[in-house]
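I have placed the structure first, in the form of structure tokens, so that the comments after it can refer back to it.
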Amino acid sequence: MADKKKIDFDFAAHEAPLFKAWNEGGYFQRTPGFGKHQNDCYTVVIPPPNITGMLHMGHALDDTIQDACIRRARMQGYQTRWVLGTDHAGIATQTKVDKKLAEEGISRLEIGREKFIEACYDWRAHYGTTIVEQIKGMGCSCDYSDEHFTLDPDYIDAVRRLFVEWYHDDLIYRGKRIVNWCPHCTTAIADDEAEYVDEPGHLWHLRYPLVEPIDGLDYIIVATTRPETMLGDTGVAVSPKDPDKQKFVGAKVKLPIVDREIPIFSDYYVDADFGSGFVKVTPAHDPNDWAMGERHDLPKINIFDETAHVVEGYGEFSGMSRDEAREAVVAWFEEHGLLDHVEDHDHSVMTCYRCHTKLEPWLSEQWFVSVDRLKGPAAKAVESGEITFHPARWSQVYLDWLENLKDWCISRQLWWGHRIPMFYCDECGWEDASVEDIHTCPKCGASVRQDEDVLDTWFSSQLWPFATMGWTREGTQASELQKAYPTQVLATARDIMGLWVARMVMASEYCMGTIPFENVIIYPTVMGSDGKPMSKSRGNGVDPLKLMEDYGADGMRFGLLMQVTGAQDLKFNESKLENSRNFSNKIRNAARFVMMNLEGFEPGEPEVSTPADRWIFSRLARLVARVDESFDAYEFSDVTRELYAFFWNEFCDWYIEFSKSRLSGSDAADRLACQRNLVFVLDTALRLLHPIMPFITEEIFQDLPVEGEDPYLIACAWPEAESLAKYRDEQAERAMIMVCDVVSAVRATRSRYGISPKQALSVTVKVEAASDAALLSEQEQLICGMGNIESLQVGCDAEKPAESSVTLGTGLEVYTVLSGHVDFEAERARLEKQRASLQKDIEKFGRKLSNPGFLAKAAPEVIEKDRAKHADLSDQLKRVESQIAELN
RNA sequence: GGGCGAUUGGCGCAGCGGGAGCGCAAAUGCCUUACAAGCAUUAGGUCGCAGGUUCGAAUCCUGCAUCGCCCACCA
């Protein structure tokens, strides 16, 4: 099946030159604007892809959405600019570079910090720009002349400035806390960077001997999922609500192996019904235990080193890994008769979101952002409606996240990143944060050292919208910030709602005193075709680069947007891309048709004269209004559906067909009118399609003999719904429905009887109103051409010709003469079927209309509509029945 | 544990209070001078289940089931 679909078209060969032309024409830099929005800026900052990243489906969708928004805004006359850049991605990059060096037999520790950072920059120079090239391939109209990077000198200044401001404003502090430690990356990571994975495990019930027996008991039993941490236990807790356990409170147990005497105490954290009711407390290796330790003033004993191996001082256990220690501890308890029993117990374990190593809650000194004062303004920005989420329900998720926010651990024990701008004097104890490097102590003159750690990558990401627009600069770039800030749209994935979106709002409110963006588009997560998240191990991933090869950038963009509905997931459907690739082919061919028929063409205003003209212009006017509405609401699947349906099913299927006879006719004036109309509709459609399918629309536009406002479509004007509103024409729309009904009826009859389209037929149409008869007669030529009809009779009292097949429509009957070929049995069967269906519907409406409740309470116009419908159905039934009677 | 989303013809989805739609797939016939990546025609659904609100429910409410996501996390 796939082979059948394979087609041979070199999309890149068509796309690349257009991209080059736009780029060289300066269209990607801030455009001057025109028209009523001339003085308004429309700015978008790209969610900076990681320099380790290859373009994946998430980017493809994200960038398509942004480009569609920015391209439409550009055509609407806004001063547009899409700010581009990449993220240094601390852990991700360091891991990659580590791996690469390891392959060359080099260790990071050997070469030292400076050399390692050099290696990171090297790596970036080689691989870190790939993704920008891929974004170009998609046709994205970013400002490539001003690309940013989160480790640019400017950006570093911005990060340091924020750190210093927050530090001096008591929003940043240092503390010894339990943090999530990745023993593989040997760094702390933030709570929300940890991923939970459910795992089958065990609950070990261990006996801890009491120092003094109580009521004849000489031990208690603690239950734990992590027996190895017992080496660091400094207490045992029971629930205050557990009456049986109160007698133990105040007693002491002698911790096995380490022979430490530790107290039993009571704490509300303990759930009496879980496990044994006794909780071993390891303040240095569990956040909850840490909290209990604080409450009860317990010592905090760290038993692991930074790679999660047991530290010195624990005899045979020292040097063991976590897993080895677990086995050894359990074995020791078993050997000494202290392992009471083991039960199965599933639990979730925290893993590193980068390397998926199990995280260790680990006690260390870290830097924190105090969030209490920051989160209020960020919440208010959304509550007040200054920032709008699309779909709207995400605002609640955002607010919930803020409400539950705890202080943010921002220090990372990495080398690649923004080094914390804290300076310490070991001589006199002076310390301070500083934007500029400090070498000598301002107090005692001794040399100072800078903090070794770097900042969480999200700490720098939160400045992205304003740091890329000249926050630390003076003059022109600062005025750019004045002019174009806040930005209009942020399009991003839902999983970084808190990590990134909320933090940008907090930082922007603090630094800029305003919101960073007006609209947040949360697009659905692209799942594999099996409905599961795309992953290498599942093998359900899809590569956008391959998709662009197969369907073109336009095909991928349109096909992706077709799938963007309000749902939170998107089950990727490649057939949609095939669909949209076929659509772009349709566009290409329709344009070819128009251009092949432009002999004698002179540009000019459209001449909307025939009912077909009035109809297509009316439909076009409607389309522009609907596309605007959908675009403004960021309902992308609606935008694509509307464009697709208009272009294919109305413009191509009917209007182009209608126009063929006029184009080949002898009336030169009429031909010119038709040409102008075709060109106008095509031109308008291309403009509407351009934000989503930039390449093919531009390519065609270049060949189209129209004078745009700009040589390139990218900067031409977006169609205005108001100026097209004059073409709205209900009557013409109704007329064309009748015309299409007649043509379809004849075609259906042909198909039913296997009559070749080449054989001309005689047709009689019976209508109800004289005005309808006149309308249809007026379109005789059109109808005859479309249905290959040699003679057409239309009338209110037309007689059914002998030997004809009948098709019933709303308000009309179409008789197609078959001269001897009518299969009466088949006709009867078909009509009987129609009768049954009509009777069913009539019954339904009859019931409704005889319902007193309905008549009393329903809206009058609804009742009226249903009455008309009922009458129409009854009429149709009567006609079907009389046709059946005739057959007998 | 809390929250959110999905459940509509074989598949993927739209519709979100007034007679069930689209695309793909299927069937039949067409190489009709824009397009076979196409054209024409046809068939296919008691809108997850059970209650409720309403004159009227795919659409609103409640409960249940299945699938999925996010957040929190009990040793």
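Every chain is numbered from 1 and lettered A, B, ... according to where its sequence line falls, protein lines coming before strand lines. Note that the structure is a prediction, hence the values are computed from the model and not measured.
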Let's see if you can work this out: which of B:C4, B:G23, B:C39 has an atom nearest to the side-chain heavy atoms of A:Trp648?
B:C39
Please tabulate, for the side chains in residues 744-756 of chain A, all donor-acceptor contacts under 3.5 angstrom to protein atoms that are two or more places apart in sequence or on a different chain.
unit_1   : atom_1 : unit_2   : atom_2 : d
A:Ser744 : OG     : A:Cys740 : O      : 2.9
A:Thr749 : OG1    : A:Ala745 : O      : 2.9
A:Arg750 : NH1    : A:Ser756 : O      : 2.8
A:Arg750 : NH1    : A:Gln759 : O      : 2.8
A:Arg750 : NH2    : A:Gln759 : O      : 3.3
A:Arg750 : NH2    : A:Gly787 : O      : 2.6
A:Arg750 : NH2    : A:Asn788 : O      : 3.0
A:Arg752 : NH1    : A:Ser805 : OG     : 3.4
A:Tyr753 : OH     : A:Asp823 : N      : 3.4
A:Tyr753 : OH     : A:Glu827 : OE2    : 2.6
A:Ser756 : OG     : A:Lys758 : N      : 2.9

Does A:Ser276 have any side chain to side chain contact (heavy atoms under 4.5 Å, CB included) partners at least two apart in sequence or in another chain, and if so, which?
A:His205, A:Ile221, A:Ala223, A:Phe278
A:Asn582 versus A:Glu578, side-chain donor and acceptor atoms under 3.5 Å:
no
Closest heavy-atom contact between A:Ile178 and A:Pro283?
CD1-O, 3.1 Å
B:A14 base / A:Gln563 side chain donor-acceptor hit below 3.5 Å
no
Considering only heavy side-chain atoms of A:Ala223, the closest of B:A75, B:U32, B:G18 is B:A75
Sequence neighbours left out, what passes side chain to side chain contact (heavy atoms under 4.5 Å, CB included) with A:Pro757? Give chain and number order.
none
Same-atom distance (P) from B:C60 to B:C67, integer angstrom:
24 Å
Atom pairs under 3.5 Å: protein N/O with N/O of nucleotides 47-49 of chain B:
none

For the C1' atoms, the ones on B:U42 and on B:U46, what distance do you get once it is rounded to whole angstrom?
23 Å
Would you mind telling me which of B:A14, B:G23, B:A34 lies closest to the side-chain atoms of A:Cys652?
B:A34
Below 3.5 Å between N/O atoms, which protein atoms pair up with nucleotides 51-53 of chain B? Just atom names and distances, please.
none

Considering only heavy side-chain atoms of A:Arg747, the closest of B:G18, B:A14, B:U41 is B:U41
Check salt bridge (Lys or Arg N to Asp or Glu O under 4.0 Å) between A:Asp875 and all other residues, then give those that pass, not counting sequence neighbours.
A:Arg879
Select one nucleotide: of B:U41, B:G18, B:A37, the one nearest the side-chain heavy atoms of A:Arg581.
B:A37
Looking only at side-chain atoms of A:Phe593, point me to the closest of B:G23, B:A34, B:A75.
B:A34
Contiguous pairing runs of three or more, Watson-Crick or G-U under 3.5 Å, that involve RNA chain B
B:1-7 with B:65-71, B:10-13 with B:21-24, B:26-30 with B:38-42, B:48-52 with B:60-64
Restricting to pairs with a member in residues 560-577 of chain A, which pass salt bridge (charged side-chain N to carboxylate O under 4.0 Å, His left out), not counting sequence neighbours?
A:Arg494-A:Asp569
Check whether A:Phe593 forms a cation-pi arrangement with A:Lys660 (NZ or CZ under 6.0 Å from the six-membered ring centre, at most 45° off the ring normal).
yes
Could you check which residues of residues 279-293 of chain A get a heavy atom under 4.0 Å from RNA chain B? Sort them by number, please.
A:Val279, A:Asn288
With sequence neighbours excluded, what pairs up with A:Phe636 under the ring-ring contact (aromatic ring centres under 6.0 Å, His included) test?
none
Look at the side chain of A:Asp653 and decide which nucleotide, out of B:G23, B:C39, B:A75, has an atom nearest to it.
B:C39
Atom CG of A:Asp638 to atom C1' of B:C13: distance rounded to whole Å?
12 Å
Distance from A:Met497 atom CE to A:Leu499 atom CG, nearest 0.5 Å?
11.0 Å
Comparing A:Lys844 with A:Lys406, nearest RNA chain B nucleotide closer to 5' gives the residue A:Lys844
Distance between P atoms of B:G18 and B:U59 (Å, rounded)
11 Å
Nucleotide N/O of nucleotides 7-9 of chain B paired with protein N/O under 3.5 Å:
none

So which one's nearest nucleotide on RNA chain B is more toward 5', A:Lys865 or A:Lys833?
A:Lys865
Rounding to the closest angstrom, what is the interatomic distance between B:U54 and B:C61 at atom P?
15 Å
Which whole number of Å gives the distance between the P atom of B:C22 and that of B:U41?
13 Å
Among the nucleotides B:C69, B:C35, B:A40, which one has an atom lying closest to any side-chain atom of A:Asn589?
B:C35
Check: A:Gly665 main-chain N/O paired with A:Arg671 side-chain donor or acceptor under 3.5 Å:
yes
Side-chain donor-acceptor pairs of residues 235-242 of chain A under 3.5 Å, sequence neighbours excluded:
unit_1   : atom_1 : unit_2   : atom_2 : d
A:Ser239 : OG     : A:Lys241 : N      : 3.0
A:Asp242 : OD2    : A:Lys245 : NZ     : 3.2

Between B:C47 and B:C11, how far apart are the two P atoms, rounded to whole Å?
16 Å
Determine whether A:Arg588 and A:Asn585 satisfy the following criterion, side-chain hydrogen bond (donor to acceptor under 3.5 Å, both in side chains), listing intermediate values before the conclusion.
CA-CA 5 Å; A:Arg588 199 178 289 283; A:Asn585 186 241; over 6 Å; no
